[in-house]
Each structure stands twice: as C-alpha cells, then as structure tokens.
2 protein chains.
Amino acid sequence: MAAVQTTSVGSPFGSVNAPRRSVLADEIYEILKSKLMDNVVEPGARLSIDGLSRDLKVSATPIREALARLESDGLVTKKAHHGYTAAPLIDARTFEELFRMRLLLEPACASWAAQVATPRQITGMEDLIAEMKPPLSGDGYESYKAFASQDAAFHVALATATGVGLMVETLERLRPHAQLYRLYYTIGIADDTMREHERVLEAVTRRDEAGAAQAMSAHLTASRARLAGALGQPETD
Amino acid sequence: MAAVQTTSVGSPFGSVNAPRRSVLADEIYEILKSKLMDNVVEPGARLSIDGLSRDLKVSATPIREALARLESDGLVTKKAHHGYTAAPLIDARTFEELFRMRLLLEPACASWAAQVATPRQITGMEDLIAEMKPPLSGDGYESYKAFASQDAAFHVALATATGVGLMVETLERLRPHAQLYRLYYTIGIADDTMREHERVLEAVTRRDEAGAAQAMSAHLTASRARLAGALGQPETD
DNA sequence: GCTCCCAAATTCCTATAGGATCTACGATCA
DNA sequence: TGATCGTAGATCCTATAGGAATTTGGGAGC
C-alpha cells in the first residue's frame, strides 16, 4: 500500500480521489451492510470470505472483521468452519413478533415525539412525506425498495424526534423495513401509507400525544394487515 | 496447530482436555464479553489488540474479530487507528433513557407473560426469587454483582415466558443490569427488589395482566428512584 | 520552566502463508 | 446398484510479517 493512501481509480471503492478517512474494514462493513439491507445479497445466501476477498480485491482480514460486526448486528449468521450466511427472510412468526414489538414501541414513540419534537424536525418529516412516491402499477422492484426506504425514513425521523437515543437504537435494531420491503413488492402498495403517516404527523404537530399514539397504532395495524397476505406467497420477481 | 485439536494444559483456555468444538475467535469473544459485562475491564479502559494478544497468547486475528463483534454489541467503541475502548459507564442521560425504555417494555412484558407463561416457567421464576440473596451490610463487591445477576435472571426469565423472542432480544440488548449493578454497590441494596419481583410474579401466576404490568411499573419506578441517588457520586470501592 | 521538534517505540491495520476442516466426486467393494 | 472410502480442491481459521499511524520520551531552544 502506497504511503499516500488515497481511494484512487481502480481501488475497490470507486474513483473518488480523497485521503482515506476510514479504514478498510469499516468500508467493507458498510458495503456489505448495504448489500444485506437491500437484499442484493439474498436472504439465506452463503457469504464466502475468500469469494468476497477476490470480488472486492482486499485480503480476508477486513472481510472477517466486517462479517463479525454484521453477525452481532443480526444481519448474518455464522457457523464455525462453515462460514457466514445472510440472515433468512422473515417468517410468519418473526413477522408477528415484529409487529407486536412495533405496536408496543412506535405508538409510544409517536406520543413522545408529540411532546418534544422541534418545529424543524416536524418540517423535516413533512418533507419526507412529501417526497414519498408510491410505485405505479407495473413499476419495477427498485421503486418498491425506494418507497420502503422512504417509509423507513419517516419512522426513523419520528424516533429521532423523541430525543431518546435508546428508542432510535431499539427500533433500528428491529430493522422493520429491511425485513418487510420484499412483501411490499408482492402485494403492491396502497396509498394508505402516506395518508397514515400524515395522520401521525398531524397529531404530533398539534402536540396530541394520545392522538399520535393512536394514529401510529392504526398505521401499524393496517400495515400488518396489508403485508400479512404476502407472507405465504412465493416471490413473483 | 496439532491435527488433534484439544484444549490441553497450557493453552489459553484452561486445562480441559476436550476436542475443540468452537473456534478461537468465539472463545475470545466470550472471554472478553464476560470481562466487559462484569466490569473486570473497567468502563472507558483501553483495549489493546497487541496487549490482549500477548495476555491471551493468541494472534491478533481472533482478537480483532471478537472486538468487532463486541463493537456491534455496544460493549466497546472503536476509533480508527486508535483502537478499542470499553464502553463508558452509564451517565445520567442514558440512565433516564434506559428506565424510560424499560418502563415502556417491561410492564408489557409482564402482561404478556401473564397471558401465556407455563406453570413450569412460573415455578422457575419462583426458584429464581427464592435464590436471591441480598448482600449483607459490609459484604464485598462480588455479592452485589451476584445479586444483580439474580435480579437480571428474573427479568430475563419473565421475558422468555412471553414467548416473544424479539422481546428477549430487545431487553438483552439494553443490558440494564450490566449497566446498573455498580450503582447497587454504591447505594446498597434494600430488600424491596425481591418483594417487588414477588408481586410481579403473583400477578403473572393469577393471570392478571394489568396487575402484572402495574407491579412491574412500580418495581422499575422504585428501582430507578433507588439507583438515581448513586449516579452523581464517585465510586467508593 | 515551557514548548516544540524529532526519533524511537508502540500500536493499529492489512496482506500473505500455512494448517485445519469441509465438500464433492470418482473409484472400489459388497 | 448402493454404500463406503479416499483424494483433491475449496474454504475457513489463525499466525506472522510488514507498513502506516499514533504515542511517548528526550533534547534543544526560547
């Protein structure tokens, strides 16, 4: 490795000529996390250390380190002497557990946000809702993924507006949207999500804690009902 | 490394002559996790990869991997080119957040357990309460740690009795007792904890969901009040 | 006495090498 | 024909080596 450490053309990480501010293991971690969250790496797929090392043109050391972190994140599973596997697709039990936890956490989250959200945060959430673009009938997979990402962004912004870091961490750890977005594609998207977000935000904006909680409950209950139909169906993509 | 891989006398992991069933990195992870949870490694302490490598008589590779996992677990923090540091002691803000999250999660947890706990699970929790031994005045640090461990065990058993794996994971992720037990030592222990556990369990046993939730709320509120006094005080050990 | 600079030591980070383990395939035997 | 065994190749796991980055200590200058 050259003494001037730049991420130059030809390196595994694109062509930005900038001094390296992070270490390779961190960058590998982000790349792999992104691929896992986006399901570029299919749930259940083998992740070969040597294969990734060849693909990304780095040694196994940062790969191992990144995979170790991702294991603790719950995004991959490891079996000794067998290697790593992407965490499996959500099953019916986990789906129910996930919504059960969300129905416990997120109405409270909305209620807390109704107490303390700043006008700036509220405006930010309005922007997020305005930017949501439900996929049109016949749109490709990517637009469903983008919509799920926008959906997630609203929920994260709401959690952030509570000012309770542990709430943000707890919800992020559940990774609802990364787990659910493939189900969106299967059953299509209704416009209801955006309207439901708006109702949550309206209650937050008028500092109506109970209303915010109730609106979030309604959103999640409806979301669960919408997605549940997709659980038993094979992928259509 | 010999073809017959045994953890023989003289290896870093004690003197049990048994075939190796796990890999070194996993074992290092458990050792370090234990030291961090038990505060054998002080909060805020540097964790030198080379130092640990020398101490544990293994190469840096499994150390790095174990530390990477522990980073994602939230037990250590890493700064590029500086290395790893044990996560700091709980501060007042985190303390408040922690109880806020617990007051959201654990009453619901108790309520769910009241719905579905098996008689066997209830008996198990009774045993856990019976085994709790509050430290006597003048007892050493270790008995406080043991009590905190018993305290934690009851909460974990209750979460397990809900049958909701995500609830168990979510509470484990918060690691309340590992974070709080040093505060127990500072302010001493009242007998109230055991009585409060008993009240929770009585409500669970008679399937009183609301009663279980209320008893858990009361327990956590009292626990918070008991421990809050210790937060601003310097360590006395 | 304080500050700055430089060199040496230490530590972090990654690549490489080698051994252990697993998997797949072909050959042999009953 | 099916089961078993052996071998080769692939992959996982750990140790070691070397370079990069940071820290530490000592000396010089103000």
Side-chain angles (χ1 to χ4, degrees), chain A residues 1-8 10-13 17-32 41 44-72 75-86, chain B residues 1-8 10-14 17-32 41 44-72 76-86:
Chain A
M1 284 253 174
V4 178
Q5 188 69 354
T6 64
T7 55
S8 59
S11 90
F13 311 118
N17 287 312
R20 181 185 294 273
R21 291 182 179 272
S22 61
V23 299
L24 203 46
D26 288 347
E27 291 177 41
I28 301 287
Y29 170 76
E30 292 299 331
I31 288 169
L32 292 180
V41 176
R46 277 294 320 278
L47 287 159
S48 154
I49 294 164
D50 282 2
L52 288 169
S53 180
R54 282 190 300 265
D55 290 351
L56 298 175
K57 299 182 170 58
V58 298
S59 82
T61 310
I63 306 279
R64 297 187 65 85
E65 210 169 302
L67 285 171
R69 288 170 68 185
L70 291 165
E71 182 191 6
S72 284
L75 289 168
V76 298
T77 59
K78 177 180 117 172
K79 191 173 173 189
H81 293 299
H82 285 67
Y84 290 86
T85 305
Chain B
M1 284 260 184
V4 178
Q5 188 67 3
T6 63
T7 53
S8 57
S11 89
F13 311 115
N17 287 312
R20 180 185 296 276
R21 288 179 180 274
S22 60
V23 298
L24 203 46
D26 288 348
E27 292 178 38
I28 301 289
Y29 170 76
E30 292 299 331
I31 288 170
L32 292 180
V41 176
R46 281 292 320 279
L47 287 157
S48 156
I49 294 165
D50 281 3
L52 288 169
S53 181
R54 284 190 299 266
D55 288 350
L56 297 175
K57 297 183 168 59
V58 298
S59 82
T61 310
I63 305 280
R64 298 187 65 84
E65 211 169 300
L67 286 172
R69 287 170 68 186
L70 290 165
E71 182 191 7
S72 284
V76 299
T77 59
K78 176 181 117 169
K79 190 174 176 189
H81 294 297
H82 286 66
Y84 289 87
T85 305

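The chains referred to below are lettered A, B, ... by the order of the sequence lines, with proteins before strands, and numbering in each begins at 1.
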Problem - Shortest side-chain distance from Ile49(B), nucleotide among dT21(C), dC12(C), dT14(C) - result: dC12(C)

Fill in the blank from the handout: Arg69(A) meets the salt bridge (Lys or Arg N to Asp or Glu O under 4.0 Å) criterion, sequence neighbours left out, with Asp26(A), Glu71(B)

Exercise for the section: Measure from the side chain of Ser48(B), starting at C-beta and using heavy atoms only, and say which of dT11(C), dA15(C), dA21(D) lies closest. Expected result: dT11(C)

Exercise for the section: Find the distance Leu24(B):CG to dC13(D):C1' and express it as a whole number of Å. Expected result: 9 Å

Handout entry: Atom pair distance, as rounded to whole Å: CG in Asp26(B) and P in dC12(D)
Key = 14 Å

Practice task
Check whether any side-chain N or O of Arg46(A) sits under 3.5 Å from a backbone N or O of His82(A) as a donor-acceptor pair, and report yes or no.
Solution key: yes

Using the 3.5 Å cut-off, write out each protein N or O paired with an N or O of nucleotides 16-18 of chain C and the distance between them.
none

Completion exercise
Separation of dA15(D) atom P from Glu65(B) atom CD, nearest Å, is 11 Å

Completion exercise
Taken to the nearest whole Å, CG/Leu52(A) to P/dC13(D) is 13 Å

Handout entry: With sequence neighbours excluded, residues passing side chain to side chain contact (heavy atoms under 4.5 Å, CB included) with Ser48(B)
Key = Asp50(B)

Practice task
Using atom NZ of Lys79(A) as one end and atom P of dT21(C) as the other, report the distance to the nearest whole Å.
Solution key: 15 Å

Practice task
Ignoring backbone atoms, establish whether Arg64(A) has a side-chain N or O less than 4.0 Å from OP1 or OP2 of dC13(D).
Solution key: yes

Exercise for the section: Search all heavy atoms of Ala66(A) against all heavy atoms of Ala25(A) and return the closest pair with its distance. Expected result: CB-O, 4.0 Å

Exercise for the section: Indicate yes or no: at least one non-hydrogen side-chain atom of Leu52(A) is less than 4.5 angstrom from one of Leu32(A). Expected result: yes

Problem - From Asp55(A), Ile28(A), Leu47(A), Leu24(A), residue fulfilling side-chain contact (heavy atoms from CB on, under 4.5 Å) relative to Ile63(A) - result: Ile28(A)

Fill in the blank from the handout: The side chain to side chain donor-acceptor pair (under 3.5 Å) partners of Tyr29(B) (sequence neighbours excluded) come to Asp73(B)

Problem - Atom pair distance, as rounded to whole Å: CD1 in Ile63(B) and C1' in dC12(C) - result: 14 Å

Problem - Side-chain N,O (His82(B)) to OP1/OP2 (dC13(C)) below 4.0 Å - result: no

Exercise for the section: Using only side-chain N and O atoms of Arg46(A), determine if any of them is under 4.0 Å from OP1 or OP2 of dC22(C). Expected result: no

Exercise for the section: Among the candidates dC13(D), dT14(D), dC12(C), find the nucleotide nearest to the side-chain atoms of His81(A). Expected result: dC13(D)

Problem - Sub-4.5 Å side-chain heavy-atom contact between Lys78(B) and Val23(A) - result: yes

Exercise for the section: May I have the distance from Asp55(A) (atom CG) to dT11(D) (atom P), rounded to whole angstrom? Expected result: 11 Å

Fill in the blank from the handout: Across all chains, not counting sequence neighbours, the side chain to side chain contact (heavy atoms under 4.5 Å, CB included) partners of Thr77(B) are Thr85(B)

Report all interatomic pairs (protein N or O, nucleotide N or O of nucleotides 5-10 of chain D) with separations under 3.5 Å.
none

